Amino acid sequence: MSNHLRTQSLVFGIPWPELNEGLFYSDVVPHSDSELTLIDFYSRKYKNSAPLQGWLQRIQNGQISVDGRVVKDPNTILSGDSVLVYHRLPWKEPDVPHLLEVLYEDDDMVALNKPSGLQVLPGGLFQQRTVLTQLCWSVKKQNSTLNSQETHPVPVHRLGRGTSDNQLTSVTWTLMCVGYWCVRHGNRKAERSGTRKISKIYRALVTGILVDDKVIINQPIGIVRYPGVAKGLYVASPSGKPALSKVEVLERDEKQNCTLVQVEIESGRPHQIRIHLSFIGHPLLGDPLYIAGDQPRCFDPELVDESFAQDGGYQRPTNPVPGDCGYYLHAHQLVLSHPTTNEMISITAPLSSILQTSDEANGSLGSMSVNSAN
């Protein structure tokens, strides 16, 4: 991708390798942990990564080195300041799309259409198959002379993996969304002063018929323990952080018992729209996790699956998790102040037919557009 204003469509992406490169995690043993055994160190500090038996397996596989030497004895006594390295072996990540569409690009930022199913940043099973990886590969290929600081993308707005309808992305691009912003040479002064503002408007298809034309949801969002989600699950919680969503009904479908809505969020809590709409009794159509009511589907904070996979880590949970796809949510429009010029940039992503109103489906209102104004 070249460093100039680009508003016409450009699709790019490299097919994913069969296996990723694995990961290396380093630790320096604090003096307070000296005299601990190798298995005690890992099973206590990283119990969310693998159960005790899983860490034993990893050690015996030769996946851990101490001061540059592979150690297979789990009862090895550690010394303070020793350097530990755990090698997570390469694995085949789940199949996901690899193509991305550029909606806007200039010297400072690029906006991409993200297909449903593709994760934005590394996490969990997805360490290589992400938007970030494809963008870094593209920048490196186009301009290998740029230094790492200049070419490292910084996300300004990102989406959950399943945002947009994953059922049709294999055959059409119309369901992709404005999924990722990158600031390459951002205005740090503006960032520090807090003058930059992003307006985020989504389309969603929810279950049931919303009676009120407009609904404001200000339910706080917090974290609870949940099997299969190491950092916890975000849910509606009175003790959580403030969150505000403005919901506007666009069209009601009595026959299908669903409602097409527009949602503007003034905060950016994880899974905010999914949580807020389920909280008021109208979860996203097809959402496998957040259902109507105060608690997610299959919620049992005491249930912990201690089984582990071939690499020693936990098995993928059988209950729904936040990354599961299937719901109808589309990041339709972003409006932000340009990081360098301070112009207001508005970028609108194409809508799928199922997320269009009747008037839009009969006209051209669902097409992609890019606008700027002083």
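Source: prediction; values computed, not measured. Only heavy atoms go into these numbers, but all of them, side chains included; no hydrogens, no water, no symmetry mates.
- Hydrophobic clustering of Ile, Leu, Val, Met, Phe, Trp and Tyr side chains at less than 4.5 Å, counting indirect connections, keeps Phe279 apart from Ile209.
- No continuous path of hydrophobic side-chain contacts links Val85 to Trp91 [ILVMFWY only; heavy atoms under 4.5 Å].
- Remark: Ile280 CD1 to Gln219 CD distance equals 11.5 Å, nearest 0.5 Å.
- In this view, Pro17 and Gln128, Trp137 satisfy the side chain to side chain contact (heavy atoms under 4.5 Å, CB included) rule, not counting sequence neighbours.
- With sequence neighbours excluded, the residues that form a salt bridge (charged side-chain N to carboxylate O under 4.0 Å, His left out) with Lys92 are Asp95.
- Applying the side-chain hydrogen bond (donor to acceptor under 3.5 Å, both in side chains) criterion to Ser239, with sequence neighbours excluded, gives Ser237.
- Neither Val83 nor Ile64 shares a network with the other; the hydrophobic side chains, linked directly or stepwise wherever heavy atoms of I, L, V, M, F, W or Y lie under 4.5 Å apart, form separate groups for each.
- Tyr290 and Val224 fall within the same hydrophobic cluster, defined by Ile, Leu, Val, Met, Phe, Trp and Tyr side-chain heavy atoms under 4.5 Å apart, directly or through other members.
- Residues Lys246 and Lys214 fail the side-chain proximity criterion, which asks for heavy atoms closer than 4.5 Å.
- In this structure, Trp16 contributes its side chain and Pro97 its backbone to a donor-acceptor pair below 3.5 Å.
- Between Arg44 and Leu36 the shortest side-chain heavy-atom distance falls below 4.5 Å.
- Scored by the salt bridge (charged side-chain N to carboxylate O under 4.0 Å, His left out) test, Asp33 finds no partners at all (sequence neighbours excluded).
- Using a 4.5 Å cut-off between side-chain heavy atoms of Ile, Leu, Val, Met, Phe, Trp and Tyr, with links allowed through other members, Tyr25 and Ile39 fall into the same hydrophobic cluster.
- Checking side-chain atoms of Arg203 against main-chain N and O of Leu355 turns up a donor-acceptor pair under 3.5 Å.
- Contact record, Pro270 with Ile275: O-CD1, 3.7 Å, taken as the closest heavy-atom pair.
- Annotation: side chain of Ser245 is not in contact with side chain of Glu264 (no heavy-atom distance under 4.5 Å).
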Taking only distance into account, with no hydrogens and no angle test, what donor-acceptor pairs under 3.5 Å do side-chain atoms of residues 254-263 form with protein atoms, sequence neighbours excluded?
| residue | atom | partner | partner atom | Å |
| --- | --- | --- | --- | --- |
| Thr259 | OG1 | Gly208 | O | 2.7 |
| Thr259 | OG1 | Leu210 | N | 3.2 |

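- Looking only at side-chain heavy atoms (C-beta outward), Gln119 and Val96 stay at 4.5 Å or farther from each other.
- Side-chain N or O atoms of Gln63 include none that pairs as donor or acceptor with a backbone N or O of Arg88 at under 3.5 Å.
- Scanning both residues, Pro122 and Leu132, for their nearest heavy atoms gives CD-CD2, 4.0 Å.
- Applying the side chain to side chain contact (heavy atoms under 4.5 Å, CB included) test to Ser358 and every residue at least two apart in sequence or in another chain returns Glu251.
- Going from atom CG of Asn113 over to atom OH of Tyr104 covers 15.5 Å, rounded to the nearest 0.5 Å.
- Applying the side chain to side chain contact (heavy atoms under 4.5 Å, CB included) criterion to Pro90, with sequence neighbours excluded, gives Leu19, Asn20, His87.
- Across Arg58 and Ser49, no two heavy atoms sit closer than the pair NH1-OG, 3.0 Å.
- The side-chain heavy atoms of Pro115 and Leu99, taken from C-beta on, include no pair separated by under 4.5 Å.
- Distance check, rounded to the nearest 0.5 Å: NE2 of His282 to CG of Leu277 gives 9.0 Å.
- Membership of the apolar cluster around Leu244 extends to Ile216, as traced through chained side-chain contacts below 4.5 Å between ILVMFWY residues.
- Closest approach of Ala331 to Ala349, counting heavy atoms only: O-CB, 4.0 Å.
- Residues passing the salt bridge (charged side-chain N to carboxylate O under 4.0 Å, His left out) test with Asp213 are Arg252, sequence neighbours excluded.
- In this structure, Leu351 and Gln356 approach most closely via the heavy-atom pair O-NE2, 3.2 Å.
- The shortest side-chain heavy-atom distance between Ser278 and Ile291 does not fall under the 4.5 Å cut-off.
- Taking the side chain as every heavy atom from C-beta outward, Tyr234 and Arg274 never approach each other to under 4.5 Å.
- Rounding to the nearest 0.5 Å places OH of Tyr86 at 11.0 Å from OH of Tyr46.
- Among all heavy-atom pairs drawn from Thr37 and Pro74, the shortest one is CB-O, 3.7 Å.
- Between His332 and Thr348, the closest side-chain pair of non-hydrogen atoms falls below 4.5 Å.
- By the salt bridge (charged side-chain N to carboxylate O under 4.0 Å, His left out) test, Arg269 pairs with no residue at all, sequence neighbours left out.
- Interatomic distance, Thr133 OG1 to His98 NE2, rounded to the nearest 0.5 Å: 13.5 Å.
- For the side chain to side chain donor-acceptor pair (under 3.5 Å) condition, the pairs that include at least one residue of residues 65-75, sequence neighbours left out, are Asp67-Ser82.
- Atom CD1 of Ile201 is separated from atom CD of Gln333 by 4.5 Å, given to the nearest 0.5 angstrom.
- Listed by chain and number, the residues in a side chain to side chain contact (heavy atoms under 4.5 Å, CB included) with Leu84 are Asp27, Val29, Leu38, Phe41, Tyr42, Val66, Leu78 (sequence neighbours excluded).
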